[in-house]
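Written out below as C-alpha cells is the structure these notes cover.
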Amino acid sequence: MKVPTRKLISLTHPSLNLWHPTIDSFIWNNLIRAHVQPTHPPTRPAHTPLSIFLRMCFHAVPLDFYTFPFLLQSIHSPQTLQLGRSIHSQTLIFGFSSDSFVQTSLISMYTTCGDVGSARKVFDEMPQPDLPSWNSIINANVKAGLLSVARELFVKMPSRNVISWSSMLDGYVRWGQCEEAFELFGQMKEENKVMPNEYTVSILLAACEQLGSLEHGKWAHTHVYKLGMEINVVLGTSLIEMYAKCGSIVRARLVFENLGPKRDLMAWTAMISGLAMHGHWEDCLSLFSNMVETRVRPDDITFLGVLSACVHGGLVSEGKAMFERMSKEFGISPSVQHYGCMIDLYGRAGLIDEAWNLLNTMPMEPDVLIWGALLSGARICGDIETCEIALNKIIEQDPTNSAAYVLLSNVYAKMGRWKDARHIRDLMETKRVKKVPGLSSIEVDGRIH
DNA sequence: TTAGGGTTAG
C-alpha cells in the first residue's frame with residue numbers, strides 16, 4: 001500500500017520548507033534518522049529528532065513502523081530518560097507498542113539510559129520475544145552487571161546466535177570474570193552450532209588483556225587463523241592492545257604493520273599508546289609523525305599516549321610542543337589527564353615553576369593526580385613549600401590518604417614547624433578513630449585550613 | 001529507497 005503524501009505547511013517550519021510539493025513518511029523518518037547521527041564537525045542543528053517528530057505529527061503525516069525505532073535512537077543517556085518514557089507512551093497511543101522492532105528499540109533505549117527495570121518490563125510484556133529481543137534484554141542485564149540474570153536468560157532463550165554468545169562473553173569480561181568467559185567460549189566451540197566471529201574474538205582478546213596473559217592471547221590469536229577470519233581494523237586494534245598489554249610490543253607492531261592501509265584512528269592510537277607504555281618513546285613520536293602524514297587526525301587519547309611517552313623519555317621540549325600542537329593544530333582542548341602528563345613531565349625535570357605556571361592556567365580544578373605529580377616533582381628537587389601545598393590539597397581531596405598525612409607531617413618537621421607536624425599527626429589519629437564512611441571531609445579540612 | 005541484539009584506544 002502506498003503511504004499517502006502530505007503537503008508541508010511552510011510557515012510552521014522555515015528550514016524544512018523544501019521546494020518539494022509533497023513530503024511523505026519515508027522522508028520524515030529519514031529526516032529523524034539523519035538528525036540522530038552526530039555530524040562532523042559537530043554542529044548545533046536547528047532541529048532535533050524530537051522536534052522533527054513533533055512537526056511530523058503536527059502535519060498529520062502518518063507514522064509507521066520505522067518512525068519510532070529511529071526516534072528512540074535519539075535517547076541514549078540517563079539525562080534523557082524522562083523523554084524516553086514519554087516517547088514510550090506515544091508508542092502506546094499510536095498503537096505501535098506491540099511491534100517487535102519498536103519493543104526492541106525500547107529495550108535498548110532503556111538500557112542506554114541505565115534503566116534495566118523498565119527494559120525488563122518491556123521484554124516481559126512481549127508474548128513471543130524474537131531473537132533480537134532476547135539478545136537485547138541479555139545485553140541490558142550485562143550492562144547493569146546482573147550477570148546471573150543475564151545467564152539465566154541466556155540459558156532459557158529458545159535459540160542463540162553469535163550475538164547471544166558474544167553478549168554473554170562480553171558480560172563476563174566486562175565484569176572481570178575472565179575465567180567464566182573462557183569457559184563459555186569453550187562451551188560455544190563444543191556445541192559447534194554457532195561460529196565465533198570478529199566480535200567474539202575481540203571480546204576474548206579483551207579477556208586476555210585483562211589477565212595480562214600472553215599465552216591466552218596467542219591462543220586467541222591462533223583462533224583468528226583457525227576460523228579463517230580476516231583481520232579487520234577492529235580485530236587488529238584488539239590484537240595490538242592485547243599484545244602491548246601482555247608485554248609483547250614486537251607482536252603488537254607486527255599486527256599493526258600487517259593492517260596496512262586499513263589503519264584508522266583507533267589502530268594508530270593503540271600502537272602509539274602501546275609504544276609509550278613500553279617506554280619506546282622514539283618510535284612512539286616517529287609513529288605519531290607518520291600518523292599525521294597519513295592524514296589520520298589524532299584525538300585526545302592519541303595525545304595522552306604521545307605525552308606519556310614524553311614523560312617517560314624526559315622529553316620536555318617535545319612534550320611542550322606536542323601539548324601546544326594539540327589545541328592549536330588539532331583543536332583538542334586538553335583534559336585534566338593531559339595537564340597531569342605535562343605537570344609530571346615538568347616535575348620530573350625539576351621545572352617546578354613551569355609546573356606551577358601550567359597548573360595556574362588550568363581551566364578545571366586540579367585533581368589528586370595533578371597534585372600528586374606536582375608533589376613528586378617537588379620532592380625530587382626539594383621544594384618544600386610546594387610539597388606542603390600539594391599535600392594539603394591531596395588531603396583536602398582525599399582525606400583517607402594516610403601516606404599524605406605522614407609526608408606532610410614530615411615536611412613540617414623538616415621546616416621546624418613542630419606544632420603543625422604534631423597537629424597533622426593528631427589529625428590522622430582522629431581520622432583513624434572516626435573511620436566511618438560519610439564523615440565529611442569538611443570536618444577534616446576545616447581543621448587544616 | 002528507511003527499522004531492532006554484540007567488538008576496539010583511557
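Throughout, a chain's letter reflects where its sequence line sits, starting with A, and its residues are numbered from 1. Quick caveat, the model's predicted, so the values are computed rather than measured. Excluded from the calculations below are hydrogen atoms, water molecules and symmetry mates; all remaining heavy atoms, backbone and side chain alike, are included.
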- [ ] Please list, by residue number, the residues of residues 256-291 of chain A whose heavy atoms come closer than 4.0 Å to an atom of DNA chain B; answer none if no residue qualifies.
- [x] A:M266, A:T269

TODO: With A:D115 as reference, evaluate A:K143, A:K121, A:R85 under the salt bridge (charged side-chain N to carboxylate O under 4.0 Å, His left out) test and give the passing residue.
DONE: A:R85

Task: Which nucleotide in B:dG5, B:dA3, B:dA9 has an atom nearest any side-chain atom of A:S136 - done: B:dG5

- [ ] Decide if atom CZ of A:R379 counts as having more than 12 heavy atoms of other residues, nucleotides or ligands within a radius under 6.0 Å.
- [x] no

Open item on the list: The side chain of A:V234 is closest to which nucleotide in this list: B:dA3, B:dT7, B:dG10?
Closed with: B:dT7

- [ ] May I ask you to say what A:S133 touches in the nucleic acid, namely base, sugar-phosphate or nothing, with a heavy-atom cut-off under 4.0 Å?
- [x] base

Open item on the list: Is it the case that the side chain of A:N290 and the backbone of A:E293 share a donor-acceptor pair, with hydrogens and angles ignored and the cut-off at 3.5 Å?
Closed with: no

Open item on the list: What contact category does A:Q73 fall into here, base, sugar-phosphate, or nothing, at under 4.0 angstrom with non-hydrogen atoms?
Closed with: sugar-phosphate

TODO: May I ask you to say what A:N139 touches in the nucleic acid, namely base, sugar-phosphate or nothing, with a heavy-atom cut-off under 4.0 Å?
DONE: sugar-phosphate

TODO: May I ask you to decide whether A:E257 forms a salt bridge with A:R253, counting only side-chain N to carboxylate O separations under 4.0 Å?
DONE: yes

- [ ] Compare all side-chain heavy atoms of A:I75 with those of A:H88 and state whether any distance is below 4.5 angstrom.
- [x] no

TODO: May I ask you to say what A:S100 touches in the nucleic acid, namely base, sugar-phosphate or nothing, with a heavy-atom cut-off under 4.0 Å?
DONE: base

Open item on the list: Let's see if you can work this out: which of B:dT2, B:dG10, B:dG6 has an atom nearest to the side-chain heavy atoms of A:S166?
Closed with: B:dG6

TODO: Kindly assign one of parallel, tilted or perpendicular to the pair A:F182 and A:H216, based on the angle between their ring planes and the thresholds 30° and 60°.
DONE: tilted

- [ ] For the side chain of A:N197, starting at C-beta, report the closest nucleotide among B:dG10, B:dA3, B:dG6.
- [x] B:dG6

Task: B:dG6, syn or anti by chi within 90 degrees of zero - done: anti

- [ ] Determine the contact category for A:L304: base if any of its heavy atoms lies under 4.0 Å from a base atom, sugar-phosphate if only primed atoms, P, OP1 or OP2 are that close, otherwise nothing.
- [x] nothing

Open item on the list: Regarding A:R174, tell me which of base, sugar-phosphate or nothing describes its non-hydrogen contacts under 4.0 Å with the strands shown.
Closed with: sugar-phosphate

